[in-house]
Participant: 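Just dropping this structure here.
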Amino acid sequence: MAWTQALQRWWQRRQLLNQQWTDARYVVVDIETSGLDVNQDVMLAIAWIEVRPPCLEYQSARYFVLDSAADTSHDLKQSPVVHGLVQRDFNESSESKLVLQELAQVLEDAILVCHHTHLDWQFLQVAARDHGIKLSPLGWFDTLQFELRRLRNQQHHIPRGSLTLAAARGRYRLPDYHAHHAFNDAVACAELMLAQGYKYAGSAKASVKNLLQVGRVRL
């Protein structure tokens with residue numbers, strides 16, 4: 001009966017993708033890493049918050065400094081402050097496996113949202129695979145790719161720095177925020193996603209699939 005369950009699951013996911021984008025559940029994730037090389041660097045901290053348009057569900061928000069960060073904190077050249085972290089944060093870290101197990105549950109039937117999904121997803125996949133965990137979001141939405149496509153449709157040249165989270169927020173008149181802390185960045189990205197959706201998805205009748213086509217990313 002495995003094929004029957006697989007078919008049922010496929011149909012369920014298809015129905016979820018065809019629902020109005022405002023009826024979907026989104027999980028906005030931000031991670032801080034020791035560098036940009038997924039083969040050598042590690043995740044230092046992770047935060048996420050669930051969004052059910054038009055609301056950010058702050059009671060769902062989670063933030064963790066990971067035990068993998070504690071193992072490498074003494075080697076980080078940015079010390080004593082790294083991505084908003086200080087040494088005492090590394091001393092109170094959480095077990096990566098337990099954090100990723102919780103994230104895997106939260107991502108079920110939800111859209112994963114990041115600002116630069118390709119990089120964050122690579123780190124998440126490597127960490128999850130190391131612990132035998134499977135992350136299976138319903139889909140992916142990249143606020144950076146959304147802005148990139150929108151700006152390309154409006155102008156030929158995109159100035160350097162115009163795709164940062166702060167710069168993108170500024171175009172939607174969202175307030176300034178303290179960047180480079182996983183929790184702050186997750187909330188900032190969630191607000192940006194809502195602004196993008198409501199301004200450019202048009203009617204609330206637009207489907208999740210329609211929204212993801214604009215903010216799609218190749219993984």
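In this chain, numbering begins with 1 at the start of the sequence shown.
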Participant: Taking all heavy atoms of Ser162 and all of Ala167, pick out the closest pair and write down the distance.
Facilitator: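 Smallest heavy-atom distance, with atoms named: O-CB, 3.7 Å.
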
Participant: Has Arg169 got a side-chain atom pairing as donor or acceptor with Thr164's backbone, closer than 3.5 angstrom?
Facilitator: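 It does not hold such a pair.
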
Participant: Taking all non-hydrogen atoms of both residues into account, name the closest pair between Ala186 and Ala47 and its distance.
Facilitator: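 Between these two residues, the closest heavy atoms are CB-O, 4.1 Å.
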
Participant: Nearest 0.5 Å, please: how far is CG in Leu36 from CD in Gln122?
Facilitator: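 Reported value, rounded in 0.5 Å steps: 10.5 Å.
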
Participant: Mark yes or no for whether His181, through its side chain, and Phe183, through its backbone, hold a donor-acceptor pair below 3.5 Å.
Facilitator: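 It does hold such a pair.
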
Participant: From His116 NE2 over to Trp121 CH2, what is the distance, rounded to the nearest 0.5 angstrom?
Facilitator: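 If we round to the nearest 0.5 Å, His116:NE2 and Trp121:CH2 are 15.5 Å apart.
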
Participant: Decide yes or no on side-chain contact (heavy atoms from CB on, under 4.5 Å) for Leu163 and Leu151, but give the supporting numbers first.
Facilitator: CA-CA 9 Å; Leu163 293 174; Leu151 292 177; 3.9 Å; yes

Participant: Under 4.5 Å between any side-chain heavy atoms of Asp41 and Phe123, yes or no?
Facilitator: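 Touching, per the 4.5 Å side-chain cut-off.
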
Participant: Could you pull out the closest heavy-atom pair between Val27 and Ala110, with the gap in Å?
Facilitator: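 So the minimum-distance heavy-atom pair works out to CG2-CB, 3.7 Å.
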
Participant: Taking the side chain from Gln19 and the backbone from Leu16, do they hold a donor-acceptor pair closer than 3.5 Å?
Facilitator: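 Indeed, once roles are kept as given, a pair shorter than 3.5 Å links the two residues.
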
Participant: Set out, in order, the CA-CA distance, both residues' side-chain angles and the distance that settles side-chain contact (heavy atoms from CB on, under 4.5 Å) for Val208 and Asn18, then state yes or no.
Facilitator: CA-CA 6 Å; Val208 175; Asn18 286 331; over 6 Å; no

Participant: Take atom CG of Asn153 as the centre, draw a 6.0 Å sphere, and report whether it contains more than 12 heavy atoms from other residues, nucleotides or ligands.
Facilitator: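 Buried by this count: over 12 neighbours within 6.0 Å.
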
Participant: Quick one, Val29 and Asp120 - any side-chain contact, counting heavy atoms below 4.5 Å?
Facilitator: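 A side-chain contact under 4.5 Å is absent here.
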
Participant: Can you confirm if the aromatic rings of Trp48 and Phe64 lie within a centre distance of less than 6.0 Å?
Facilitator: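 Centroid distance Phe64-Trp48: below 6.0 Å, so yes.
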
Participant: Can a donor-acceptor pair be found, under 3.5 Å and without considering hydrogens, that links the side chain of Asn184 to the backbone of His178?
Facilitator: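 Yes, because the side chain of Asn184 sits within donor-acceptor range (under 3.5 Å) of the backbone of His178.
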
Participant: Would you sort out whether Leu98 and Gln101 count as a side-chain contact (heavy atoms from CB on, under 4.5 Å), showing the intermediate values?
Facilitator: CA-CA 5 Å; Leu98 297 179; Gln101 286 175 337; 3.5 Å; yes

Participant: Is it true that a side-chain atom of Ser34 and a backbone atom of Val42 form a donor plus acceptor pair closer than 3.5 Å?
Facilitator: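 Such a contact is found between Ser34 side chain and Val42 backbone.
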
Participant: Examine Phe141 together with Trp21 and report whether their ring centres are nearer than 6.0 Å.
Facilitator: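 Not close enough - the centres of the two rings lie 6.0 Å or further apart.
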
Participant: For Glu147 and Tyr172, which I'm curious about, is there any donor-acceptor pair between the side chains at under 3.5 Å?
Facilitator: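 A pair is found: one side chain offers a donor N or O, the other an acceptor, under 3.5 Å apart.
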
Participant: Tell me, do Ile49 and Ser60 make a side-chain contact under 4.5 Å, heavy atoms counted?
Facilitator: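 Contact flag for Ile49/Ser60 side chains = yes.
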
Participant: Roughly how far, to the nearest 0.5 Å, is CD of Gln213 from CG of Leu17?
Facilitator: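 Rounded to the nearest 0.5 Å, the CG-CD separation comes to 10.0 Å.
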
Participant: I want to check something: taking the side chain as every heavy atom from C-beta on, are Ile46 and Val99 in contact at a cut-off of under 4.5 Å?
Facilitator: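 Yes - at least one pair of side-chain heavy atoms lies under 4.5 Å apart.
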
Participant: Heavy-atom distance under 4.5 Å between the side chains of Val106 and Glu50, does that happen here?
Facilitator: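 Side-chain contact under 4.5 Å: yes.
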
Participant: Would you say the side-chain atoms of Arg25 pair up with the backbone N or O of Pro53, donor to acceptor, closer than 3.5 Å?
Facilitator: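 Such a contact is absent between Arg25 side chain and Pro53 backbone.
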
Participant: So how far is it from Arg171 CZ to Lys199 NZ, rounded to the nearest 0.5 Å?
Facilitator: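 Going from the CZ atom of Arg171 to the NZ atom of Lys199 covers 10.5 Å.
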
Participant: Run the numbers on Glu32 and Asp185 for side-chain contact (heavy atoms from CB on, under 4.5 Å), then give the verdict.
Facilitator: CA-CA 10 Å; Glu32 301 294 350; Asp185 287 354; 3.4 Å; yes

Participant: Shortest non-hydrogen contact from Gly139 to Leu212?
Facilitator: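 Taking every non-hydrogen atom into account, CA-CD1, 4.2 Å.
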
Participant: Asp67 vs Ser96, test: side-chain hydrogen bond (donor to acceptor under 3.5 Å, both in side chains). Steps then yes/no.
Facilitator: CA-CA 6 Å; Asp67 53 6; Ser96 297; 2.5 Å; yes

Participant: When you compare the side chain of Leu103 with that of Leu124, does any pair of heavy atoms fall below 4.5 Å?
Facilitator: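 They are in contact (side-chain heavy atoms under 4.5 Å apart), so the answer is yes.
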
Participant: Donor-acceptor pair, Asp142 side chain versus Thr117 backbone, under 3.5 Å?
Facilitator: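 Confirmed, Asp142 side chain pairs with Thr117 backbone.
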
Participant: Compare every heavy atom of Ala188 with every heavy atom of Leu165, then report the nearest pair and how far apart it is.
Facilitator: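 Taking Leu165 first and Ala188 second, the nearest heavy atoms are CD2-CB, 3.9 Å.
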
Participant: Just by distance, with hydrogens left out, do Asn210 and Ser207 show a side-chain donor and acceptor under 3.5 Å apart?
Facilitator: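 Yes, Ser207 and Asn210 have a side-chain donor paired with an acceptor closer than 3.5 Å.
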
Participant: Out of curiosity, Tyr26 OH to Arg52 CZ, how far, rounded to the nearest 0.5 Å?
Facilitator: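 It is 11.0 Å, given to the nearest 0.5 Å.
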
Participant: Are Ser93 and Leu66 side-chain neighbours, meaning at least one heavy-atom pair lies under 4.5 Å?
Facilitator: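 Counting from C-beta outward, Ser93 and Leu66 never come under 4.5 Å.
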
Participant: Minimum heavy-atom separation for Gly35 to Thr33, with atom names?
Facilitator: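 So the minimum-distance heavy-atom pair works out to O-OG1, 2.5 Å.
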
Participant: Mind checking the CG-CG spacing from Leu100 to Leu135? Nearest 0.5 Å is all I need.
Facilitator: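 Result: 6.5 Å between the selected atoms.
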
